[in-house]
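First up is the structure itself, then whatever we jot down about it.
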Number of protein chains: 2
Amino acid sequence: MAQGLRAHGYKLTAQRLAVLQVMQEGNELLTPAEVLDRGRKIHSRLGMTTVYRTLELLRELGFVRRVHGAEGCRAYAQAREQDGHHLVCQACRRVVDFPCSGLNELIEQTARRTGFSVESHLLELAGLCPACQ
Amino acid sequence: MAQGLRAHGYKLTAQRLAVLQVMQEGNELLTPAEVLDRGRKIHSRLGMTTVYRTLELLRELGFVRRVHGAEGCRAYAQAREQDGHHLVCQACRRVVDFPCSGLNELIEQTARRTGFSVESHLLELAGLCPACQ
DNA sequence: TTCCAAATGAAAGGGTTTTTCAATTGGCCG
DNA sequence: CGGCCAATTGAAAAACCCTTTCATTTGGAA
Ligand SMILES: [Mn+2]
Ligand SMILES: [Mn+2]
Ligand SMILES: [Zn+2]
Ligand SMILES: [Zn+2]
């Protein structure tokens with residue numbers, strides 16, 4: 001996945017590798033402040049600005065996805081599934097991916113009924129993971 | 001809809017009526033700042049704090065819904081459809097509602113596969129309205 | 001009317017995100 | 001290998017957004 005950065009012409013800096021590692025290690029939802037905390041344990045010289053920039057970069061490359069849950073509106077989680085969505089545990093913030101399938105019918109029907117062209121969608125599920133139920 | 005406030009035991013203040021009217025008049029996405037601007041034309045003595053409080057109140061009562069679109073993460077739009085979702089025009093910010101049907105299968109399948117219990121979901125569509133296409 | 005809990009908003013507080021810009025550095029090239 | 005330079009970084013400041021506080025006002029019941 002670090003190779004993905006190279007492949008897109010981005011430099012492999014210690015800061016980016018630290019953020020990358022943080023996002024790959026856990027499977028919880030992480031705020032930028034939490035990514036900074038964890039990232040500094042890997043590379044002590046890491047600034048908040050870089051965390052913000054790197055998370056957005058990883059998002060553009062499809063390595064992480066942003067989550068707009070109840071728990072604040074800016075959080076990130078690893079994107080395991082290509083073109084998938086997140087299901088978040090409300091208790092422990094664990095995240096799992098699920099594939100985006102079964103939405104097409106709803107989207108097409110809505111487009112037909114409203115005359116809109118649908119360009120993108122945002123779907124998130126929240127609930128309780130097996131351990132927290 | 002003002003009656004809805006009364007029915008739930010809330011006072012009918014000029015401020016609440018102004019916010020209510022603003023949300024009912026247009027069919028665009030509105031940020032709290034925009035609601036304040038428009039609301040002040042109806043009731044000049046209206047504060048930002050009250051706008052925030054009233055929008056959240058109207059949301060709890062189901063009269064408006066919050067939208068987490070690309071265009072900032074806090075915006076509100078009138079909820080015409082009970083238990084529906086929003087489809088937003090990326091160009092002019094016009095909003096239409098659509099009913100939430102056809103998601104159950106996806107949700108149940110995801111719950112089964114992950115072991116999570118799904119308590120809530122967030123779904124938004126974005127695209128271009130007929131006029132903007 | 002009188003009365004009071006509910007409602008309001010100005011001001012202050014607090015946290016988050018972005019901008020700026022001088023210093024640093026990854027990686028290409030000779 | 002060095003040298004070079006555009007890309008990258010981060011400290012500081014600015015901008016932004018939202019919430020809390022609390023003295024004052026007010027809707028509506030009695
Ligand atoms: Mn999808
Ligand atoms: Mn729904
Ligand atoms: Zn859990
Ligand atoms: Zn439009």
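Below, read A as the first sequence line, B as the second, and so on, with proteins coming before strands; counting in each chain starts at 1. Every value quoted in this text rests on a predicted model; they were computed, and no experiment measured them.
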Are [X] and [N] close enough that a side-chain N or O sits under 4.0 Å from OP1 or OP2?
X       : N      : result
B:Arg6  : D:dG28 : yes
A:Arg74 : C:dT16 : no
B:Thr13 : C:dA7  : no
B:Gln15 : C:dG9  : yes

Quick one: [X] [atom1] to [N] [atom2], roughly how many Å, whole number?
X       : N      : atom1 : atom2 : result
B:His8  : D:dG28 : NE2   : P     : 15 Å
A:Leu17 : C:dG26 : CG    : C1'   : 11 Å
A:Met48 : D:dA11 : CE    : P     : 12 Å
A:Arg16 : C:dG27 : CZ    : P     : 9 Å
A:Arg59 : C:dT17 : CZ    : C1'   : 15 Å
A:Asp37 : C:dT16 : CG    : C1'   : 14 Å
A:Leu46 : C:dT25 : CG    : P     : 14 Å
B:Leu55 : D:dC18 : CG    : C1'   : 13 Å

Under a 4.0 Å threshold between the charged nitrogen and the carboxylate oxygen, would A:Glu34 count as salt-bridged to A:Arg93? yes
On a heavy-atom basis, which atom in B:Lys11 and which in B:Arg16 lie closest, and how many Å separate them? O-NH1, 2.8 Å
Looking only at heavy atoms, the pair that brings A:Glu124 and A:Gly69 closest together is OE1-N, 3.6 Å
Out of [options], whichever nucleotide has its closest atom nearest the side chain of [X]:
X       : options                : value
B:Arg53 : C:dA7, D:dT21, C:dT16  : D:dT21
A:Lys11 : D:dG28, C:dG27, D:dA11 : C:dG27
B:Thr50 : C:dA10, C:dT8, C:dA7   : C:dT8
A:Leu12 : C:dG27, D:dA11, D:dC18 : C:dG27

Exercise: do A:His121 and B:His85 side chains pair donor with acceptor under 3.5 Å: no
Does any donor atom in the side chain of A:Gln109 or A:Glu105 lie under 3.5 Å from an acceptor atom in the other side chain? no
Need to verify one output field. Residue with the more 5' nearest nucleotide on DNA chain D, B:Tyr10 or A:Arg40? A:Arg40
Indicate, with a heavy-atom threshold strictly under 4.0 Å, whether A:Arg45 touches base, sugar-phosphate, or nothing. sugar-phosphate
